Visitor: 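Structure provided below as structure tokens; questions to follow.
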Amino acid sequence: MAYQLYRNTTLGNSLQESLDELIQSQQINPQLALQVLLQFDKAINSALAHRVRNRVNFRGSLNTYRFCDNVWTFVLNDVEFREVTDLVKVDKVKIVACDGKSKIPLLTIYF
């Protein structure tokens, strides 16, 4: 089973809204919509694990951290993200890292 972290992204929300409209107009049934969402979860997790090659370094002050159900959650303050020549500063960041028992752990960052 794939993590459902990416359903709350712009792409995931748009997909869910479109599926809801199709259900309301009775063009698809709720079971098909659920299958589409499950396929989205698998596809986005796979794509991020195998196709993304960018590397970003970041530094900040650790506010809180938690490890529960094989999921790490970090909240950092005053964070700087660096990628080669680009620098981005944010006040607060939440990072959720999941190890899906795969070779490449999944990571989501919330600003």
Side-chain angles (χ1 to χ4, degrees):
M1 178 173 200
Y3 287 104
Q4 299 177 1
L5 291 171
Y6 304 103
R7 287 189 188 183
N8 214 18
T9 62
T10 303
L11 182 62
N13 286 330
S14 296
L15 175 61
Q16 289 183 72
E17 289 173 11
S18 298
L19 291 171
D20 288 342
E21 287 178 19
L22 291 170
I23 291 170
Q24 293 300 321
S25 65
Q26 297 181 345
Q27 292 181 313
I28 65 170
N29 60 34
Q31 292 80 13
L32 180 57
L34 181 59
Q35 287 180 329
V36 171
L37 286 173
L38 292 173
Q39 183 59 43
F40 170 77
D41 295 335
K42 291 177 187 175
I44 196 79
N45 281 292
S46 176
L48 290 173
H50 298 103
R51 294 185 184 177
V52 176
R53 302 270 189 255
N54 296 18
R55 177 173 234 160
V56 175
N57 295 316
F58 62 92
R59 178 180 296 168
S61 301
L62 182 62
N63 183 338
T64 58
Y65 66 93
R66 178 180 339 148
F67 181 73
C68 182
D69 295 333
N70 217 24
V71 176
W72 279 101
T73 303
F74 302 95
V75 177
L76 299 117
N77 296 330
D78 304 320
V79 183
E80 292 182 354
F81 289 90
R82 292 182 186 272
E83 181 188 24
V84 188
T85 59
D86 295 331
L87 173 67
V88 176
K89 295 182 181 183
V90 293
D91 295 330
K92 190 174 187 178
V93 171
K94 180 180 180 182
I95 298 174
V96 179
C98 305
D99 181 6
K101 296 187 179 179
S102 64
K103 296 177 183 173
I104 302 171
L106 301 174
L107 176 72
T108 302
I109 301 176
Y110 301 95
F111 294 96

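Remember, it's a predicted structure, so these values are computed and weren't measured experimentally. Side chains included, hydrogens not; waters and symmetry mates left out as well; all remaining heavy atoms used.
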Visitor: If you apply the rule side chain to side chain contact (heavy atoms under 4.5 Å, CB included), what do you find for Phe74 with Val93, and how did you get there?
Guide: CA-CA 8 Å; Phe74 302 95; Val93 171; over 6 Å; no
Visitor: Between Ser25 and Glu21 (side chain of the first, backbone of the second, donor and acceptor by atom type, cut-off under 3.5 Å), is there such a pair?
Guide: yes
Visitor: Would you check, one step at a time, whether the test side chain to side chain contact (heavy atoms under 4.5 Å, CB included) holds for Leu19 with Leu15?
Guide: CA-CA 6 Å; Leu19 291 171; Leu15 175 61; 4.0 Å; yes
Visitor: Just verifying a value: how many Å separate Leu22 CG and Leu32 CG, rounded to the nearest 0.5 Å?
Guide: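 Leu22 CG to Leu32 CG: 9.0 Å, rounded to 0.5 Å.
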Visitor: For the CZ atom of Arg82 and the CG atom of Leu87, what is their distance to the nearest 0.5 Å?
Guide: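 Taking CZ in Arg82 and CG in Leu87, the distance rounds to 5.0 Å.
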Visitor: About how many Å separate CG of Leu62 and CG of Asn77, when rounded to the nearest 0.5 Å?
Guide: 9.0 Å
Visitor: Evaluate the side-chain proximity of Phe81 to Asp86: yes if any heavy-atom separation is below 4.5 Å, no if none is.
Guide: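 No, every pair of side-chain atoms sits at 4.5 Å or beyond.
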Visitor: Do any N or O atoms from the side chain of Asp69 and from the backbone of Val71 form a donor-acceptor pair under 3.5 angstrom?
Guide: no
Visitor: Are Leu11 and Val52 grouped together when hydrophobic residues (ILVMFWY) are joined by side-chain heavy atoms under 4.5 angstrom apart?
Guide: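 Leu11 clusters together with Val52.
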Visitor: Are Glu80 and Arg59 within salt-bridge range, i.e. N to O under 4.0 Å?
Guide: no
Visitor: Show your reasoning for whether side chain to side chain contact (heavy atoms under 4.5 Å, CB included) applies to Val96 and Lys94.
Guide: CA-CA 7 Å; Val96 179; Lys94 180 180 180 182; 4.1 Å; yes
Visitor: NZ of Lys92 to CG of Asn63: how many Å apart, nearest 0.5 Å?
Guide: 6.0 Å
Visitor: With rounding to the nearest 0.5 angstrom, report the CG to CD1 distance, Leu76 to Ile95.
Guide: 5.0 Å
Visitor: Would you check, one step at a time, whether the test side chain to side chain contact (heavy atoms under 4.5 Å, CB included) holds for Gln16 with Leu37?
Guide: CA-CA 8 Å; Gln16 289 183 72; Leu37 286 173; 3.6 Å; yes
Visitor: Is there side-chain contact between Arg7 and Asp41, with at least one heavy-atom pair below 4.5 Å?
Guide: yes
Visitor: Tell me the closest heavy-atom pair linking Ile28 and Ala33, and the distance in Å.
Guide: CD1-CB, 4.0 Å
Visitor: Could you check whether any side-chain heavy atom of Tyr65 comes within less than 4.5 Å of a side-chain heavy atom of Val75, counting everything from C-beta outward?
Guide: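 They are not in contact (no side-chain heavy atoms under 4.5 Å apart), so the answer is no.
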